[in-house]
Peer 1: 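Please see the structure below; I have some questions.
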Protein chains: 2
Amino acid sequence: MNIGQAASASGVSAKMIRYYEQVGLIASPSRTEAGYRDYSSDEVHMLRFIRRARDLGFSVEQMTSLLALWSDRSRASSDVKRFAMTHVAELERKMRALRAMAETLRHLAKTCHGDERPNCPIIEELSSGHEAAAPKPRRAASRRYGAH
Amino acid sequence: MNIGQAASASGVSAKMIRYYEQVGLIASPSRTEAGYRDYSSDEVHMLRFIRRARDLGFSVEQMTSLLALWSDRSRASSDVKRFAMTHVAELERKMRALRAMAETLRHLAKTCHGDERPNCPIIEELSSGHEAAAPKPRRAASRRYGAH
DNA sequence: ATAGAGCTTCCAGTGACTGGAAGGTCAAGC
DNA sequence: GCTTGACCTTCCAGTCACTGGAAGCTCTAT
């Protein structure tokens, strides 16, 4: 199976597959004589695993750990559960931060007439308002919501 | 006021102030003879505006628009409101995506015994499970939750 | 006079990609 | 057998919003 076929079979784009190989998430597959990557069904299976993990918001680093947990037949299910719940906590923290922002802005917008006049409580709040909306999230990938 | 004082007065770090200047969000302030940046109280006011906007999750590009709306005394409040509500929709979309991920993972974790045995429904789901958890969010800054 | 805090510029790295250039390979149709 | 075009290869650059750090200059206090 070449990379294009592996991509459509797994739902991970060819570009991303190469990227995951480059950063060491997956091993280099064997090559055809022409130098094309050649994927086994096990490798495609792993790519599908990766796509599902990614869809649940796991980072590449976390996926490395997940793959290790997957292949370690002797690890306890509590190891996996702990790992998952740590991630859930992080997701929920970010979620709450986004919700707080949305709510603050929504409340502000509700008090704005939204007509042709310039007077606007949203701008006024930004200009001289109270302090922030949210407990902020933290994540390496997004410094914006980063730091402790 | 030098950059350190402007930073503590506004809550935007000196590093970020320089960055915002570099990317054109704010104008270059005047300089002292020694070459130090010198901020007026209007400029510090603008930095506070920026910090509040950032705390509501606006991107640098969006903040450029917000600053324009702020300084345009003739724009209608409906312009601001529309801008804000578009952002609210985006925040809520991302929020729902995170919530869907968290819920999926939480449910999965609930069915996991979390004991010393290796059998684990979380890993099994990733390995051969159903499709994704979420309507995905989109944002330039975070390709991970990006694309249409 | 000197120490050290704070300022300056500039460069590099972060995470998870995406886009594109330049060039090699493969399968199908003529 | 040749051409076409879809697909593969590598490599480099850009995205976003920062952060860290080096090298060197300035200011303030002792």
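Chain naming here is simple, since letters A, B, ... match the order of the sequence lines and numbering starts at 1 in each.
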Peer 1: In whole angstrom, what separates A/I17's CD1 from C/dC17's C1'?
Peer 2: 14 Å
Peer 1: I need the CD-P distance between B/Q62 and D/dC16, as an integer number of Å.
Peer 2: 12 Å
Peer 1: Rounding to a whole Å, what distance do you find between A/E21:CD and D/dC11:P?
Peer 2: 12 Å
Peer 1: When the ring planes of A/W70 and A/F49 are compared, do they come out parallel, tilted or perpendicular, using 30° and 60° as the limits?
Peer 2: parallel
Peer 1: Would you kindly give the CD-to-P distance between A/E61 and C/dC17, to the nearest whole Å?
Peer 2: 14 Å
Peer 1: Between B/R75 and A/I123, is there a side-chain heavy-atom distance shorter than 4.5 Å?
Peer 2: yes
Peer 1: Do any side-chain nitrogens or oxygens of A/R37 fall under 4.0 Å of OP1 or OP2 in D/dT9?
Peer 2: yes
Peer 1: Looking at the side chain of A/M16, which of D/dT19, C/dC17, C/dG19 is the nearest nucleotide?
Peer 2: C/dC17
Peer 1: Whether A/R31 contacts C/dT25 is assessed here as follows: a side-chain N or O lying under 4.0 Å from the phosphate OP1 or OP2. Is that the case?
Peer 2: no
Peer 1: Would you please confirm or rule out a distance under 4.0 Å between OP1 or OP2 of D/dT9 and any side-chain N or O of A/R18?
Peer 2: yes
Peer 1: Considering heavy-atom distances to DNA chain D, does A/Q5 or B/Y20 have its closest nucleotide positioned more toward the 5' end?
Peer 2: A/Q5
Peer 1: When only distance counts, do a donor and an acceptor, one from the side chain of A/Y36 and one from the base of C/dG24, lie under 3.5 Å apart?
Peer 2: yes
Peer 1: Looking only at side chains, do B/D72 and B/S74 share a donor and an acceptor under 3.5 Å apart?
Peer 2: yes
Peer 1: Any side-chain N or O of B/Y19 less than 4.0 Å from the OP1 or OP2 oxygen of D/dC16?
Peer 2: no
Peer 1: Do B/F83 and B/L66 have side chains that get closer than 4.5 Å, going by heavy atoms?
Peer 2: yes
Peer 1: For a quick check under 3.5 Å, do A/S77 and B/D115 share a side-chain donor-acceptor pair by atom type?
Peer 2: yes
Peer 1: Quick one: B/Y39 OH to C/dC7 C1', roughly how many Å, whole number?
Peer 2: 11 Å
Peer 1: Starting at atom CD of A/Q22, determine the distance to atom P of C/dG19, rounded to an integer number of angstrom.
Peer 2: 16 Å
Peer 1: How many whole angstroms separate atom CD of A/E33 from atom C1' of C/dG24?
Peer 2: 15 Å
Peer 1: Nearest to the B/A34 side chain among D/dC11, C/dA16, D/dC27, which nucleotide is it?
Peer 2: D/dC27
Peer 1: Calculate the interatomic distance between B/D38 atom CG and D/dT26 atom P; express it in whole Å.
Peer 2: 16 Å
